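Below: one structure, written as structure tokens.
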Amino acid sequence: MLKDLLQSLFADALIAAQTTGALPVFDLPTVEIQRPKQAEHGDYSTNIALVAAAAVRKAGGAANPRQIAQAVIDHLPSGDLIGGVELAGPGFINIRLADAWLQRQVLAILAQDTAYGNLTRGAGQYWQVEYVSANPTGPIHYGGARNAVLGDTLANVLEAAGYRVQREYYVNDAGTQFEAFVASVYARYAALFGRDVPFPENGYPGDYVVDYARRIAAEQGDALLHLPQADALVRLRPLARAVVLADLEQELKRIGVEFDAWFSEQSLYDQGLVQQALDYLDARGELVRRDGAVWFAASRYPKNDKDEVVIRSNGMPTYFASDIAYHYDKFIRRGFDHVVNVWAVDHQGHVPRMAAVMQALGLDPRRLTILMYDLVKLMRNGQEVKLSKRAGNLITINDVVDEVGADAVRFNLLTRSPESTIEFDLDLAVAQINENPVFYVQYSYARICSILARAATEGLTLRDDGAVPVHMLTHPAELALLRKLIELEEQIELAVEKLSPHNLTHYALELARTFNIFYRDCKVVDMEHPELSSARLHLAQATRIVIAKVLALLGVRAPESM
RNA sequence: GUCCCAGUAGCUCAGUGGAUAGAGCGCUACCCUGCGGAGGUAGAGGUCAGAGGUUCAAGUCCUCUCUGGGAUGCCA
């Protein structure tokens with residue numbers, strides 16, 4: 001990466017200054033390369049002299065940061081990357097990239113095409129991202145779209161950073177919620193044939209349950225009614241599961257979210273993994289018996305103030321038991337190097353417990369990251385609308401996608417940092433979406449495509465012999481665009497490091513804006529200046545590649561026309 | 001009670017311990033007989049909730065207070 005390159009150049013300069021005696025010997029500080037907020041401070045800056053001065057002072061020497069900075073500058077190795085450096089303020093070193101180097105990046109981008117911006121930091125690492133994992137009891141509330149989009153985009157970004165990634169949905173097809181759902185389907189199913197089965201008290205009253213029942217009836221007829229209810233429920237479970245999962249899969253696909261694996265909670269029981277994981281913990285002395293129940297001794301671990309039941313006094317395991325088994329399976333059986341779980345903020349209490357579980361299993365808790373995100377608050381006329389599957393009044397992903405389209409949904413959900421609450425006003429949705437910034441980015445992309453097409457009609461095409469006069473790209477708008485293009489890898493790095501891809505939407509907007517300024521100031525197709533036109537055409541193509549890359553990471557379409 | 005998250009422009013929100021705190025929308029005034037105007041330029045608009053502290057440097061880190069949301073089940 002460019003930053004790493006600069007970092008080593010300045011570290012070398014500092015060592016060289018120490019070797020020649022221009023600077024005293026002290027422990028090498030970490031060289032930080034930053035991006036200044038203001039353009040006049042250069043492309044990058046480093047505080048190496050300020051940090052070094054503190055180190056010298058601690059060693060008892062007298063140190064003037066500006067003098068240290070000057071010594072570093074004097075010993076900077078020569079090369080074609082840096083166009084100039086400048087000593088500024090209390091001792092910052094401002095770095096300006098060489099124009100010639102910037103211009104050459106057009107060719108680098110064209111050569112790497114869709115691979116441009118990819119990193120190697122994840123090479124050899126096998127990660128899992130587990131997301132959505134909504135209970136398979138009906139359509140997904142719109143808030144679930146945020147989970148889906150975050151997880152999916154994060155997985156995209158990790159792949160671009162060189163990680164091998166598995167995308168997984170954990171299907172909670174065991175336990176009381178799912179049983180209540182199956183019983184609800186059964187009641188609706190029976191009603192279709194005029195049989196009156198009392199609707200379960202904790203059931204799911206939504207109309208969609210009737211729809212599921214109809215679909216099952218269409219396949220099975222009234223066959224299930226000829227069985228005792230208990231047997232019918234056993235038969236119904238896989239049928240209900242299949243119907244609801246088919247719906248979930250289809251609904252998620254509409255916002256571009258697909259999974260490599262749908263992992264069944266029930267399978268953990270069927271394979272004896274829950275027992276195996278609990279035995280494993282028991283052997284390690286992590287379980288205690290009390291009040292007729294079996295507890296995981298979480299309170300031994302930091303940030304946990306109480307133990308947690310894994311086997312109820314009635315002998316039934318809790319969801320926590322299967323969750324332990326699930327993570328036992330992820331790390332010990334399947335061997336992921338790292339797992340990211342995307343959870344809504346209402347699961348926050350579960351986070352320290354999982355950290356405790358990791359340690360109890362003998363695993364490094366840092367290998368499990370929980371990406372928490374806040375809720376999507378649905379508003380209507382400035383009033384919050386409370387929705388729930390239980391109440392049967394849902395705003396689903398499908399509902400919103402029907403209204404505003406998948407691209408706007410994804411982009412909108414990705415412009416805010418995960419921990420911020422999103423307010424989404426249903427009445428304003430369409431209006432808000434029409435001024436959605438995603439269209440600004442897509443429009444710029446379409447405009448580039450249009451320019452390329454226009455150029456072709458003038459006989460101006462991209463060339464692959466490397467003989468592009470990129471040195472002619474000297475206009476401020478051209479150089480600004482070049483600078484913005486080469487930020488891509490840093491943006492991907494940032495998204496991976498912080499596990500929050502929302503900076504990519506901001507980058508996409510800045511990129512589009514920078515291109516629009518270039519478009520205004522620099523006519524691309526101008527056949528009176530064929531050489532300059534050619535250089536600009538390649539710059540436009542490079543921009544197209546980078547915008548397409550960012551949009552692909554975000555899961556947003558890059559349309560050639562709108 | 002304890003714990004977690006948030007509080008930044010009129011609104012919705014960005015902001016990596018660095019230099020003069022940003023964007024979109026809205027508002028005002030301009031630019032356009034140029035490749036797609038879904039564009040560009042400029043302006044108004046801020047005690048970064050408050051108070052201490054750490055640091056050469058704090059919107060950013062620490063402590064406390066206030067306000068809002070969430071978590072604190074033998075539910076998942």
Side-chain angles (χ1 to χ4, degrees), chain A residues 32-38 40-41 45-47 50-51 53-54 57 65 88-92 94 133-135 137 172 174-178 180 202 265 290-295 303-306 308-314 316-320 322-323 344-352 372-375 377 412 415-425 428 431-432 434-437 439-444 446-455 457-458 490 494 497-498 502-503 505-506 509-510 512-513 516-517 519-526 533 536-537 540 561-562:
Chain A
E32 284 177 41
I33 302 291
Q34 299 147 342
R35 275 195 175 269
K37 284 179 187 161
Q38 287 156 265
E40 58 265 35
H41 293 149
S45 72
T46 176
N47 59 354
L50 293 165
V51 181
R57 211 174 300 115
F92 291 105
N94 294 334
S133 303
N135 276 340
T137 55
N172 295 112
T176 53
Q177 301 289 338
F178 187 65
N202 59 346
E265 180 185 10
R290 194 194 314 142
D291 303 334
V294 182
W295 306 65
K303 299 202 164 190
N304 283 275
D305 46 12
K306 51 187 195 303
E308 205 64 31
V309 170
V310 287
I311 306 287
R312 299 180 182 99
S313 50
N314 67 6
M316 295 296 289
T318 61
Y319 106 100
F320 187 53
S322 50
D323 224 21
V345 68
D346 57 348
H347 286 62
Q348 64 182 249
H350 197 41
V351 173
M372 307 286 303
Y373 66 94
D374 214 312
L375 305 171
K377 199 190 279 184
N412 184 52
T415 50
R416 287 77 186 278
S417 62
E419 64 271 18
S420 72
T421 313
I422 293 182
E423 282 188 17
F424 191 82
D425 196 308
L428 296 177
Q432 275 175 349
N434 281 337
E435 58 205 32
N436 192 300
F439 299 126
Y440 181 82
V441 180
Q442 291 182 319
Y443 184 80
S444 299
R447 175 183 268 164
I448 294 172
C449 295
S450 163
I451 292 171
L452 287 160
R454 163 86 190 226
T457 67
E458 300 279 352
E490 276 170 46
L494 186 62
E497 201 127 275
K498 302 182 77 180
H502 69 281
N503 59 300
T505 54
H506 296 272
L509 286 167
E510 286 170 21
R513 180 174 18 256
N516 280 332
I517 293 171
Y519 168 78
R520 181 203 58 189
D521 290 347
C522 302
K523 186 165 189 190
V524 177
V525 184
D526 178 1
S533 287
R536 287 177 172 170
L537 190 73
S561 67
M562 298 176 66

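Naming: A, B, ... by sequence-line order, numbering from 1 per chain. All figures in this text were calculated on a predicted structure; none of them were measured in a lab.
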For [X], report the nucleic acid contact type (base, sugar-phosphate, nothing); a contact means any heavy atom under 4.0 Å.
X        : result
A:Cys522 : base
A:Met372 : nothing
A:Ala455 : nothing

Contacts under 3.5 Å, N or O only, protein and nucleotides 41-44 of chain B:
none

Given protein heavy atoms under 4.0 Å, the one-letter contact record of nucleotides 71-76 of chain B, with B base, S sugar-phosphate only and - none, is simply SSSBBB
The contact string for nucleotides 10-19 of chain B, one letter per nucleotide 5' to 3', using protein heavy atoms under 4.0 Å with B, S and - for base, sugar-phosphate only and none, comes out as --SSSSS-BB
Which residues share a salt bridge (Lys or Arg N to Asp or Glu O under 4.0 Å) with [X], sequence neighbours left out:
X        : result
A:Arg290 : A:Asp307
A:Glu32  : none
A:Glu490 : A:Arg35
A:Glu419 : none

Can the ring centroids of A:Tyr319 and A:His350 be said to lie less than 6.0 angstrom from one another?
->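 Ring centroids of A:Tyr319 and A:His350 are less than 6.0 Å from each other.
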In Å, rounded to the nearest 0.5 Å, how long is the span from CG of A:Leu537 to CZ of A:Arg454?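 Nearest 0.5 Å value for the CG-CZ distance: 12.5 Å.
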(Q) Can you tell me how far apart CZ (A:Arg416) and OG1 (A:Thr421) are? Round to the nearest 0.5 Å. (A)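 Here the rounded value is 10.5 Å.
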Please report the distance separating the [atom1] of [N] from the corresponding atom of [M], rounded so that it comes out in whole Å.
N     : M     : atom1 : value
B:A19 : B:C62 : C1'   : 24 Å
B:A6  : B:G10 : P     : 22 Å
B:U8  : B:A14 : P     : 11 Å
B:G50 : B:G22 : C1'   : 24 Å
B:U60 : B:G1  : C1'   : 30 Å

Checklist line | Short side-chain N/O contact to B:C5 OP1/OP2 from A:Tyr373, under 4.0 Å | finding: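 It does not, given that no N or O in the side chain of A:Tyr373 lies less than 4.0 Å from OP1 or OP2 of B:C5.
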Sequence neighbours left out, what passes side chain to side chain donor-acceptor pair (under 3.5 Å) with [X]? Give chain and number order.
X        : answer
A:Asn94  : none
A:Glu458 : none
A:Asn304 : none
A:Tyr443 : none

message = If you assign A:Ile451 and A:Ala512 each to the RNA chain B nucleotide with the nearest heavy atom, which residue ends up on the more 5' nucleotide?
response =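 Upstream on the strand: A:Ile451.
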For A:Arg454 and for A:Asn516, locate the closest nucleotide of RNA chain B by heavy-atom distance; then report the residue assigned to the nucleotide nearer the 5' terminus.
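Between the two, 5'-proximity favours A:Arg454.
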Per-residue pairing states of RNA chain B in dot-bracket (Watson-Crick or G-U under 3.5 Å; . unpaired, | other strand) read (((((((..((((....[...)))).(((((.......))))).....(((((..]....))))))))))))....
Indicate the atoms forming the closest heavy-atom contact of A:Lys303 with A:Pro352, along with that distance.
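Of all heavy-atom pairs spanning A:Lys303 and A:Pro352, the closest is O-CB, 3.6 Å.
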